[in-house]
2 protein chains.
Amino acid sequence: MNNKIDAKYFEMSRISKALAHPTRMFIIDKLNEKEYCVHELTEMIGADTSTVSKHLSVLKNSGIISDEKRGNCVYYNLECTCVLNIFSCVMNVIQTNLQSAMALVDMSSAK
Amino acid sequence: MNNKIDAKYFEMSRISKALAHPTRMFIIDKLNEKEYCVHELTEMIGADTSTVSKHLSVLKNSGIISDEKRGNCVYYNLECTCVLNIFSCVMNVIQTNLQSAMALVDMSSAK
DNA sequence: TGCCTATTTGGCAATATTGCCAAATAGTGT
DNA sequence: ACACTATTTGGCAATATTGCCAAATAGGCA
């Protein structure tokens with residue numbers, strides 16, 4: 001692997017890593033609905049504000065979401081709606097896994 | 001967040017985490033071409049065989065790839081081709097990020 | 001059987017991620 | 001200026017991921 005290719009896969013994994021946390025997945029799902037500010041998200045998630053803030057900055061640094069300060073609050077928006085494709089793909093993988101699992105169950109009960 | 005929702009986002013992040021490594025991204029990209037066995041991939045990647053084997057098992061445990069033993073080798077295949085959507089989405093995010101960065105550069109040079 | 005090749009597993013040290021607390025920062029309204 | 005609210009940042013301990021080595025496993029073939 002030369003350096004250019006390295007950089008490509010590194011960048012791709014960086015984006016993917018940004019998604020790789022339940023809380024961040026939740027946040028993306030919520031922001032798809034509408035914008036939310038930090039304390040609204042914090043309330044829904046039930047963790048420390050600083051924890052949620054850090055998750056948000058991970059997503060922001062990957063360019064997946066953007067922030068906008070208005071009045072007293074910082075509102076976050078889904079910037080790259082294409083990550084929703086990842087959502088449906090991931091659900092697809094989960095579903096495929098489920099079907100394989102169910103096929104196994106069928107086989108063993110038919111034994 | 002109740003437990004069911006928790007489980008959903010946890011599962012989603014699990015899949016996403018499986019993708020979140022440069023080497024694993026590379027492997028998926030290669031397997032999209034055609035099947036490869038462990039030592040072929042190892043040669044391309046240039047890491048220890050055991051390291052590559054572990055990356056492959058991460059992908060396999062997420063249901064993204066499957067393995068098939070034939071003769072002396074274990075061949076790996078892309079099981080969920082829908083992860084390629086993730087690929088194009090991730091590239092999309094990267095591109096969007098690049099455009100924002102370039103816009104910033106333009107602004108500062110126009111100053 | 002024994003030898004060889006291919007792959008996986010166990011162990012371990014280095015590194016990265018996570019989440020809480022406390023403290024700093026920023027903006028609003030009095 | 002002051003108090004107040006919202007958010008971010010620094011620090012730190014707990015946990016998870018990674019990659020190499022060595023050892024174990026599995027199958028093919030003489």
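Small disclaimer: the values here were computed from a predicted structure and weren't measured. Chain letters run A, B, ... following the sequence lines, proteins first, then strands; residues in each count from 1.
Side-chain contact of A/Asp67 with A/Tyr75: a donor-acceptor pair under 3.5 Å is absent, judged by distance alone.
Scanning for side chain to side chain contact (heavy atoms under 4.5 Å, CB included) contacts around A/Thr42 gives A/Val38, A/Thr49, A/Val52, with sequence neighbours left out. Contacts of B/Lys54 classified as salt bridge (Lys or Arg N to Asp or Glu O under 4.0 Å), with partners at least two apart in sequence or in another chain: none. Considering only residues two or more places apart in sequence or on other chains, A/Ser50 meets the side chain to side chain contact (heavy atoms under 4.5 Å, CB included) condition with A/Asp48.
Considering CG of B/Leu59 and CE of B/Met25, their distance stands at 9.5 Å, rounded to 0.5 Å. A/Leu56 CG to A/Arg24 CZ: the interatomic distance, rounded to the nearest 0.5 Å, is 10.0 Å.
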I'd like a table of atom pairs between the protein and nucleotides 23-25 of chain C - only N or O on both sides, under 3.5 Å - with the distance next to each one.
none

Show each protein N/O and nucleotides 9-14 of chain D N/O combination with a separation under 3.5 Å, one pair to a line.
unit_1, atom_1, unit_2, atom_2, d
D/dG10, O6, A/Lys54, NZ, 3.1
D/dG11, O6, A/Lys54, NZ, 2.7

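Proximity of B/His39 to the phosphate of C/dT7: a side-chain N or O atom is located under 4.0 Å from OP1 or OP2.
Applying the side-chain contact (heavy atoms from CB on, under 4.5 Å) test between B/Ser62 and each of B/Arg14, B/Glu79, B/Lys17 identifies B/Arg14 as the sole match.
Under a hydrophobic-cluster definition in which Ile, Leu, Val, Met, Phe, Trp and Tyr are linked whenever side-chain heavy atoms come within less than 4.5 Å, directly or via other members, B/Tyr36 and B/Leu84 are assigned to the same cluster. Residues B/Met44 and A/Met12 share a hydrophobic cluster, clusters being chains of Ile/Leu/Val/Met/Phe/Trp/Tyr side chains in contact below 4.5 Å. No single ILVMFWY cluster, assembled from side-chain heavy atoms under 4.5 Å apart, contains both B/Ile94 and A/Val58.
The stretch residues 65-78 of chain A comes close to DNA chain D through A/Asn72, A/Cys73, A/Val74, A/Tyr76, each having a heavy atom under 4.0 Å from the strand.
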